[in-house]
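Input: a single structure, listed below in C-alpha cells.
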Amino acid sequence: MQYWLMKSEPNTFSWADLKAAPGQITCWEGVRNYQARNLMRDAMKQGDQVFFYHSNANPPAIMGIAKVVREAYADHFAFDPSSRYYDPKSTPEKPIWLMVDIQYERDIIPPIGLPELRTVPGLESMMLLQKGSRLSVQPVTPQAWEIIQQLRPGGQT
DNA sequence: GCCAACGTTGGC
DNA sequence: GCCAACGTTGGC
C-alpha cells in the first residue's frame, strides 16, 4: 500500500464534489504532466490512500482521505475536442494520458491548511512544502502520512 | 492580480 | 541538443 497526495482546485473539482458524486467515486481526468502520469501508471495501486488537497484555495488545505479504486486507464477526455483537457497527440489507439478512479473515504475535520502543515515537525521534507513544487500527484511517505493523521486524532473511525 | 518556478515547444 | 520564448501552476 502506498500513500499519495492529489491536488485539485476547488473551483474545478472540490472535496464536496467528490462526496456528492455517484458512489462518491470520480475519475481523475486532466493530468497533463508526464511525471504525474508516470506515478499513476507505474506506482499507484488499487487500495492506495490519498490525501485530497485543495490548491488555489483560502487556505490551500488537505480536505480528507480518498482511496484508489481503479488503476490507471486511458483518459478519454484527451480525445474530446470540446474538452478543456483535449490533446490531439493522444488517441484511443495510442493514449498518452491516463487517469485513475478515487473514492471518498473520510473527512479530515477541520481541514489541515498549508500554513499549519508548514509548522509541523517532521514534515519539512514533504514534497508539497518544497518551494516551486507543482506536481499534482505526489507520493507521501508512510512517516509523513502518520504524522499528518496524528494532527487530527480520532478521525480514524 | 502578481509573479516565481517549472514544464513544454520549436527554431536553429 | 541547446535554449529562449511561452504557457501554466499555485502561493500569496
Side-chain angles (χ1 to χ4, degrees), chain A residues 2-21 26-44 48-68 71-141 143-145 147-152:
Chain A
Q2 301 221 72
Y3 300 106
W4 305 93
L5 180 142
M6 296 170 83
K7 298 179 185 175
S8 185
E9 301 192 16
N11 289 341
T12 303
F13 188 85
S14 71
W15 181 239
D17 291 332
L18 176 62
K19 291 167 72 173
T26 188
C27 56
W28 202 257
E29 77 275 15
V31 171
R32 296 292 178 270
N33 169 283
Y34 288 104
Q35 196 178 347
R37 180 205 66 180
N38 293 348
L39 285 168
M40 290 196 298
R41 181 190 63 195
D42 302 332
M44 194 174 279
D48 283 359
Q49 302 278 109
V50 178
F51 284 136
F52 190 110
Y53 177 82
H54 276 175
S55 60
N56 268 314
N58 285 303
I62 294 176
M63 303 302 294
I65 293 171
K67 68 183 173 198
V68 177
E71 295 177 11
Y73 61 106
D75 179 348
H76 61 265
F77 291 83
F79 312 145
D80 177 3
S82 68
S83 168
R84 61 179 295 197
Y85 301 121
Y86 178 59
D87 182 351
K89 295 192 301 296
S90 187
T91 64
E93 294 72 32
K94 285 207 163 199
I96 294 176
W97 302 116
L98 305 174
M99 58 187 179
V100 298
D101 289 356
I102 64 169
Q103 182 175 34
Y104 168 82
E105 193 156 291
R106 65 180 180 273
D107 296 306
I108 289 177
I109 302 173
I112 304 171
L114 186 58
E116 180 180 354
L117 286 171
R118 291 196 189 283
T119 70
V120 178
L123 295 183
E124 297 84 358
S125 62
M126 190 180 180
M127 188 181 294
L128 181 73
L129 305 183
Q130 304 312 302
K131 182 175 173 134
S133 167
R134 315 192 317 191
L135 200 58
S136 63
V137 176
Q138 306 183 355
V140 174
T141 65
Q143 293 78 10
W145 184 272
I147 289 169
I148 292 168
Q149 296 245 51
Q150 291 302 323
L151 296 175
R152 299 289 183 270

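Note that this is a predicted model, so its numbers are computed, not measured. Lettering of chains follows the sequences in order, A, B, ..., and the numbering in each one begins at 1.
- Comparing B/dA4, B/dG7, C/dC12 by their nearest atom to the side chain of A/Leu114 picks out C/dC12.
- Side-chain proximity of A/Pro60 to the nucleotides B/dG7, B/dT8, C/dG11 is greatest for C/dG11.
- A residue-by-residue look at A/Lys131 and A/Asn56 shows that A/Asn56 has its nearest nucleotide of DNA chain B further toward the 5' end.
- Rounded to whole angstrom, the span from the CG atom of A/Leu135 across to the C1' atom of C/dG10 amounts to 13 Å.
- Distance A/His54 NE2 to C/dT9 P: 16 Å, rounded to the nearest Å.
- Distances from the side chain of A/Tyr34 to the nucleotides C/dG10, B/dT8, B/dA4 place B/dT8 closest.
- Here B/dT9 is the nucleotide among B/dA4, B/dT9, B/dT8 with the atom lying nearest to any side-chain atom of A/Lys89.
- Across the protein-nucleic acid pair, A/Ile96 atom CD1 and B/dG7 atom P stand 18 Å apart, rounded to whole Å.
- Formation of a donor-acceptor pair under 3.5 Å by the A/Glu71 side chain with backbone atoms of A/Asp42 is not found in this model.
- By the 30° and 60° cut-offs, the orientation of the rings of A/Phe52 relative to A/Trp28 is perpendicular.
- In this structure, A/Leu129 places its CG atom 17 Å from P of B/dA5, rounding to the nearest Å.
- Contact of A/Arg32 with C/dT8 (side chain to base): no donor-acceptor pair of N or O atoms is detected under 3.5 Å.
- The structure places CZ of A/Arg37 at 13.5 Å from CE of A/Met44, a figure rounded to the nearest 0.5 Å.
- Between A/Tyr53 atom OH and C/dT9 atom P the separation is 15 Å, expressed in whole Å.
- If you take CG of A/Asn38 and C1' of B/dG7, they are 14 Å apart, rounded to a whole angstrom.
- Using modelled atom types, no side-chain atom of A/Gln49 and backbone atom of A/Ile65 make a donor-acceptor pair closer than 3.5 Å.
- A distance of 6.0 Å or more separates the ring centres of A/Trp97 and A/Tyr73.
- The distance between atom CZ of A/Arg37 and atom C1' of B/dG7, rounded to the nearest whole Å, is 14 Å.
- Between the CZ atom of A/Arg134 and the P atom of C/dG7 there is a distance of 14 Å, rounded to whole Å.
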